[in-house]
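Just so it is clear, the structure is predicted and the values come from calculations on it, not from any experiment. Any value given below was found using the heavy atoms of this structure, including those in side chains, with hydrogens, waters and symmetry copies removed. Throughout, protein chains are lettered first and strands after them, A, B, ... in sequence-line order, and every chain is numbered starting at 1.
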2 protein chains.
Amino acid sequence: MTSEAAEGARRRWKQNPEAVQEDILRVAVAVFSESGLSGARIDEIAARTQTSKRMIYYYFGDKMGLYMRALEAAYAKVRAGEDQLDLGTLPPDEALARLVAFTFDHHRSNPDFIRMVMIENIHNAETLAASEVIRNMNVSAIEKLRDICRRGEAEGLFRQGLDPVALHWQISALSFFNVSNRPTFSALFGEGFFSEEGQKALRRQIVDSLLAEVRPRDTPRP
Amino acid sequence: MTSEAAEGARRRWKQNPEAVQEDILRVAVAVFSESGLSGARIDEIAARTQTSKRMIYYYFGDKMGLYMRALEAAYAKVRAGEDQLDLGTLPPDEALARLVAFTFDHHRSNPDFIRMVMIENIHNAETLAASEVIRNMNVSAIEKLRDICRRGEAEGLFRQGLDPVALHWQISALSFFNVSNRPTFSALFGEGFFSEEGQKALRRQIVDSLLAEVRPRDTPRP
DNA sequence: GCAAAATTGTACCAGTTGTTACATTAAGGG
DNA sequence: CCCTTAATGTAACAACTGGTACAATTTTGC
């Protein structure tokens with residue numbers, strides 16, 4: 001094994017376009033998510049890169065082109081993380097509980113992604129809507145949920161007529177808000193919710209709430 | 001009654017500083033919430049005002065000064081709306097249901113406010129934290145909730161140990177997300193949730209979910 | 001009425017920022 | 001070994017944008 005082999009057996013010596021692009025994208029996600037779309041400065045992105053501003057325009061055309069690719073990169077990364085989750089053959093209620101807890105933690109450990117989505121929403125998701133890459137990346141969480149719902153209904157553990165997308169909406173809302181609105185919420189109501197214990201309690205509350213949600217309704221006593 | 005009396009018995013003729021400031025703030029909230037903090041252009045705000053850029057700097061100092069006042073104005077407006085809600089002497093569960101439904105609708109009809117809060121969160125709530133005006137505006141929803149919880153627990157309708165702030169967190173998360181993430185969510189999963197029927201169903205789901213949340217836990221059958 | 005203070009109009013500037021022209025070096029094909 | 005193409009460095013521009021100097025006008029206190 002020669003020393004060159006350590007760098008991935010790609011190009012031999014200098015000039016590694018793919019690594020340069022990855023480098024730019026990594027920094028771009030960070031800067032965009034820190035400063036917003038118009039707040040982010042190409043100069044800053046360039047400065048935090050190992051390459052130059054020139055190369056950004058060479059590979060990504062303009063600021064919006066870079067932003068779109070950065071958004072796609074952010075989505076791709078969390079998607080890859082989601083696929084790590086294997087619910088195996090857990091019983092439906094446990095599977096749901098685990099999925100909810102996972103989503104909560106996953107969002108929490110990917111604040112950059114959350115911020116990119118926030119920025120996208122400020123701009124009416126125009127870039128997202130224009131990106132075929134992301135649209136084709138159909139969120140795997142839905143598939144998992146659909147399966148869980150089907151099994152839960154079949155076994156009588158869940159009530160009938162559950163909408164997996166609605167469930168996903170609810171799980172997302174709570175997990176997303178926990179990260180996205182932390183600054184304003186903690187500024188108004190204190191940091192308590194965001195301590196380690198606070199987050200654990202919150203996660204349990206959310207899991208419980210979702211489980212209660214899918215359980216069959218109490219049949220009213222006559 | 002002279003014709004001058006029609007304009008509110010304020011100043012007699014020309015030059016009405018307070019109206020000018022209100023005009024600027026109204027437009028500022030709109031433009032900031034449309035374009036974000038750095039995306040908003042003072043020139044655009046000025047153009048959509050009945051006055052000039054000169055006056056913006058005269059009354060608000062600089063862009064950040066204007067932004068802070070706009071943020072405060074946005075909070076003040078929704079706060080005023082919230083105070084309209086009177087839960088009177090409704091039984092606790094009905095009061096909670098009505099509070100949840102109201103919050104859901106209220107957020108929905110104040111997208112500008114939601115967007116301002118989103119922008120604030122992107123910028124780590126630094127302006128919010130610096131605004132004594134807003135911090136002193138302690139959200140009245142919490143007070144209402146605290147009262148509901150107390151009554152509910154006393155009557156045995158709710159389980160013990162409810163945390164009003166945690167409940168508020170949950171209500172906010174669902175109602176906020178519904179507005180804030182509509183663009184990305186509908187781009188990925190369709191507009192269905194945001195039609196009139198979709199929103200009605202969602203609101204009912206949220207109300208039910210919250211009510212189930214506060215009900216006393218089922219005592220496990222021996 | 002008059003002077004001081006408050007309010008507004010006009011024009012402009014200085015710094016920033018996205019973007020590009022031009023030149024140069026490295027890589028691959030034959 | 002040469003030539004075409006891909007990749008990169010240097011430097012600068014043109015437009016935008018937040019902010020202001022200066023002067024004019026209106027209002028108010030006395």
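Under a 4.0 Å N-O distance rule, the pair B/E191/B/R182 qualifies as a salt bridge.
Residues from residues 38-54 of chain B that place a heavy atom under 4.0 Å from any atom of DNA chain C, listed by number: B/S52, B/R54.
Atoms NZ (B/K63) and C1' (D/dT17) sit 8 Å apart, rounded to a whole Å. For the pair B/Y58 OH and C/dT10 P, the computed distance is 17 Å after rounding to whole Å. Rounded to whole Å, the distance from OH on B/Y67 to P on D/dG18 is 15 Å. Computed from coordinates, the B/Y57 OH to C/dT10 P distance equals 18 Å when rounded to whole Å. Going from atom CG of B/N16 over to atom P of C/dA6 covers 17 Å, rounded to whole Å. Atom CZ of B/F60 is separated from atom P of C/dT7 by 12 Å (rounded to the nearest Å). The CG atom of B/D23 sits 16 Å away from the P atom of C/dT7 (whole-angstrom rounding).
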Run A/S180 and B/N121 through side-chain hydrogen bond (donor to acceptor under 3.5 Å, both in side chains) and show every step you take.
CA-CA 7 Å; A/S180 70; B/N121 276 300; 5.9 Å; no
Please step through salt bridge (charged side-chain N to carboxylate O under 4.0 Å, His left out) for the pair B/R150 and B/D147, ending with a clear verdict.
CA-CA 5 Å; B/R150 199 163 27 75; B/D147 180 60; 2.9 Å; yes
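Looking at A/Q205 and B/E213, their side chains come closer than 4.5 Å, going by heavy atoms from C-beta outward. Between B/F104 and B/Q199, the closest side-chain pair of non-hydrogen atoms falls below 4.5 Å. Counting only heavy atoms from C-beta outward, the side chains of A/R115 and A/F32 never approach each other to under 4.5 Å.
Nearer the 5' end of DNA chain C, as judged by each residue's closest nucleotide, is the contact made by B/M55, out of A/M64 and B/M55.
Residue A/Y59 places at least one side-chain N or O under 4.0 Å from the OP1 or OP2 atom of D/dT8.
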